[in-house]
Amino acid sequence: MTLLYTEVEEELRASVRDLLADRCGPDAVLARIESAAPYDMELWKTLSRDIGAAGLLVPEALGGAGATAREVAVVLEELGRAVAPVPFLTSAVLATKALLEIGEEDLVRELASGEATAALVVPLAASPYRSLPEAVTVGADGTLSGRVRAVAGAEVADVLLVPVGPGALYRVEAEHARIEVVPSLDLTRPVATVTFDGAPGEVLGHFERGKVLAFGAGLLASEQLGVAQWCLDTTLAYIRERHQFARPIGSFQAIKHRMADLWLDVVRARAAARNAADLLAEAGGDSPELAVAVAKAWCSEVALHVAEESVQLHGGIGMTWEHPVHLYLKRAKAGQIALGSPGAHRDAVAELADLPAPV
C-alpha cells in the first residue's frame, strides 16, 4: 500500500486540472448555475472522450481505461477543487459500479465511451448501512411505478438504473420517467424527484446496493478533499494579500493558528481519502469497509469546517455571491450528508473496529 500519487496519477491530474482551468473557472461555474442548465454537458463530453474519465473503472476489454479507484479518486479531487457541474460521481462511479457488479456489458460500453449517461435512482443521502423503503414496485406486466426523491444526476441521464426490492436492478430509459428538478443547497449538483407511472423496464440483474453506495462514499471523500484543498489554498493566498494596519492579515498570530489547524485537518483528510481509495482499488485485498467509513466521516466534516473558515477569513467579500467560496461551502454541506452522514459512518467505524459502546 502507498498513499503517494504515482506518475500516471499525476499526469491524469494535470490533464484534468488544465481542462478545468480552461473551461470551468469560478466565473463559468457561477454563470452555469444561474442558467437553466446547471450541468455542463459539453465539459462532460470532453472529460469522457478526450481524457477517458467516464470509463476509468471500466475494463479495457469493454472500451474503458482499465484503471482503478485510485485514478477515480484523483479525478474527483480535481472536480472538487473546481466544484465542476458534471455527472462524474453519479454516472462514472455509482452507475458504472452497479453495472459492473452485475456484469452488464453493453450499457457499460456506452457509458465508458461517453455516448450515454446513467444515474442510480436512489436518494443522494442514502446510507450504505440502512435499507431503503420500497419506493418503486413492479407490476404484473413488468412496468415500474413509484417515486424517488433527491436523486442526483437524473436530469441529465439517458438511462435510469432503478433498484427494486432486495437487490434487483432495472433499466429504464429516462424518457419514460418524469424527472422534476427540485431546489437544493448545492447548485452545482442538482437533485430531482423521479416518478415512474407504468414505465417499461428491463431487469438487468441483482446487485448489493450497500456495497455500491459504500464504494461511492469512499470515493466521495476524495472530492471532499479537493473542496477542502481549494478553500485552504485560496484562503492562504487571500490572507497574504489582504492588508490591515499596514500588514498582511496572515501575519497575525490568531490567523496563523487557525490556518495551521486547517492545514493539519486537510493533511489528515488526504491520508484518510487516499487510504480508502487504495483499498477500494485492491482486488482481493484487505476489506475496505473500515477505511471507507473513516474517510467519509472525517473528510465530510473537514470539508465543511475548512469551507466555513474560508468564508470567515475572507471577511466581507466572502459573504458575496460574486466570490465563489459559497459554492464550496454548499458543496461541502451537501456532500456531508451524501451517501451517509458522518454520524452513520462513525457508527460503522465503531462496529467494524469492535469499539465498546459509550457508558
Who else is in the cluster with Tyr328 when I, L, V, M, F, W and Y are joined by side-chain contacts under 4.5 Å? Val29, Leu30, Ile33, Val83, Leu187, Val227, Trp230, Leu304, Val311, Met319, Trp321, Val325, Leu327, Leu329
Work out which heavy atom in Leu313 is nearest to a heavy atom in Met259; give both atom names and the distance. CD1-SD, 3.8 Å
I'd like to know if the side chain of Thr320 and the backbone of Gly316 have a donor-acceptor N/O pair within less than 3.5 Å. no
How far apart are the C-alpha atoms of Asp261 and Arg258, what are their side-chain angles, what is the distance that settles it, and do they pass the salt bridge (charged side-chain N to carboxylate O under 4.0 Å, His left out) test? CA-CA 5 Å; Asp261 289 341; Arg258 289 171 73 173; over 6 Å; no
Neighbour count >12 (heavy atoms, 6.0 Å) for atom CD, Glu10: yes
pair Thr235-Leu232: side-chain heavy atoms closer than 4.5 Å: no
Keeping Gln224 on the side-chain end and Gly226 on the backbone end, is there a donor-acceptor pair under 3.5 Å? no
What is the minimum heavy-atom distance between Ser145 and Gly198, and which atoms define it? OG-N, 3.2 Å
Show me the pairs that pass salt bridge (Lys or Arg N to Asp or Glu O under 4.0 Å) and involve residues 221-231, at least two apart or across chains. Arg189-Glu223, Glu223-Arg331
Within a radius of less than 6.0 Å around CD of Glu7, do more than 12 heavy atoms belonging to other residues, nucleotides or ligands occur? no
Side chains of Asp141 and Thr143 only: does a donor on one sit below 3.5 Å from an acceptor on the other? yes
Shortest non-hydrogen contact from Ala214 to Val292? O-CG1, 3.3 Å
Are Asp50 and Lys45 ion-paired here, with the side-chain N under 4.0 Å from a carboxylate O? no
Establish whether Ile317 and Ile239 are linked, either directly or via other cluster members, by ILVMFWY side-chain heavy-atom contacts under 4.5 Å. yes
Which pairs, with at least one residue in residues 192-220 and sequence neighbours excluded, count as a salt bridge (Lys or Arg N to Asp or Glu O under 4.0 Å)? Glu101-Lys211
Which atom pairs, donor and acceptor, lie under 3.5 Å between side-chain atoms of residues 110-118 and protein residues at least two apart or in another chain?
unit_1	atom_1	unit_2	atom_2	d
Ser113	OG	Arg109	O	3.4
Ser113	OG	Glu110	O	2.9
Ser113	OG	Glu115	N	3.2
Thr117	OG1	Trp44	NE1	3.4

Between the OG1 atom in Thr46 and the CZ atom in Arg23, the distance rounded to the nearest 0.5 Å is 4.0 Å
Does any part of the side chain of Lys296, heavy atoms only, come nearer than 4.5 Å to the side chain of Arg346, both counted from C-beta? no
So Val93 and Leu56, do their side chains get closer than 4.5 Å, heavy atoms only? no
Walk me through it: do Arg178 and Glu180 pass the test salt bridge (charged side-chain N to carboxylate O under 4.0 Å, His left out)? CA-CA 6 Å; Arg178 186 167 72 252; Glu180 302 169 281; 3.7 Å; yes
Under a 3.5 Å threshold, yes or no: a donor from one side chain and an acceptor from the other, between Lys333 and Gln336? yes
Shortest non-hydrogen contact from Ala157 toward Ala174: O-CB, 3.1 Å
Rounded distance [0.5 Å steps], CZ in Arg270 versus OH in Tyr5: 4.0 Å
Can you tell me how the ring of His345 sits relative to the ring of Tyr129, calling it parallel under 30°, perpendicular over 60° and tilted otherwise? perpendicular
Could you grab the distance from atom NE2 of His323 to atom OG1 of Thr234, nearest 0.5 Å is fine? 7.0 Å
To the nearest 0.5 Å, tell me how far Glu77 CD sits from Leu219 CG. 10.5 Å
Hey, are the side chains of Pro123 and Arg149 touching, using non-hydrogen atoms and a 4.5 Å cut-off? no
If I compare all heavy atoms of Ser127 with all of Leu213, which pair ends up nearest, and what's the gap? O-CD1, 3.9 Å
Which heavy-atom pair separates Leu220 from Gly335 by the least distance, and what is that distance? CD2-O, 4.0 Å
Co-members of Tyr170 in a cluster of I, L, V, M, F, W and Y side chains, linked at under 4.5 Å: Val121, Val136, Val138, Leu144, Val148, Val151, Leu160, Val162, Val164, Val172, Ile179, Val194, Phe196, Val203
In the hydrophobic clustering (ILVMFWY, side-chain contacts below 4.5 Å, transitive), which residues join Val182, or is it alone? Leu124, Val191
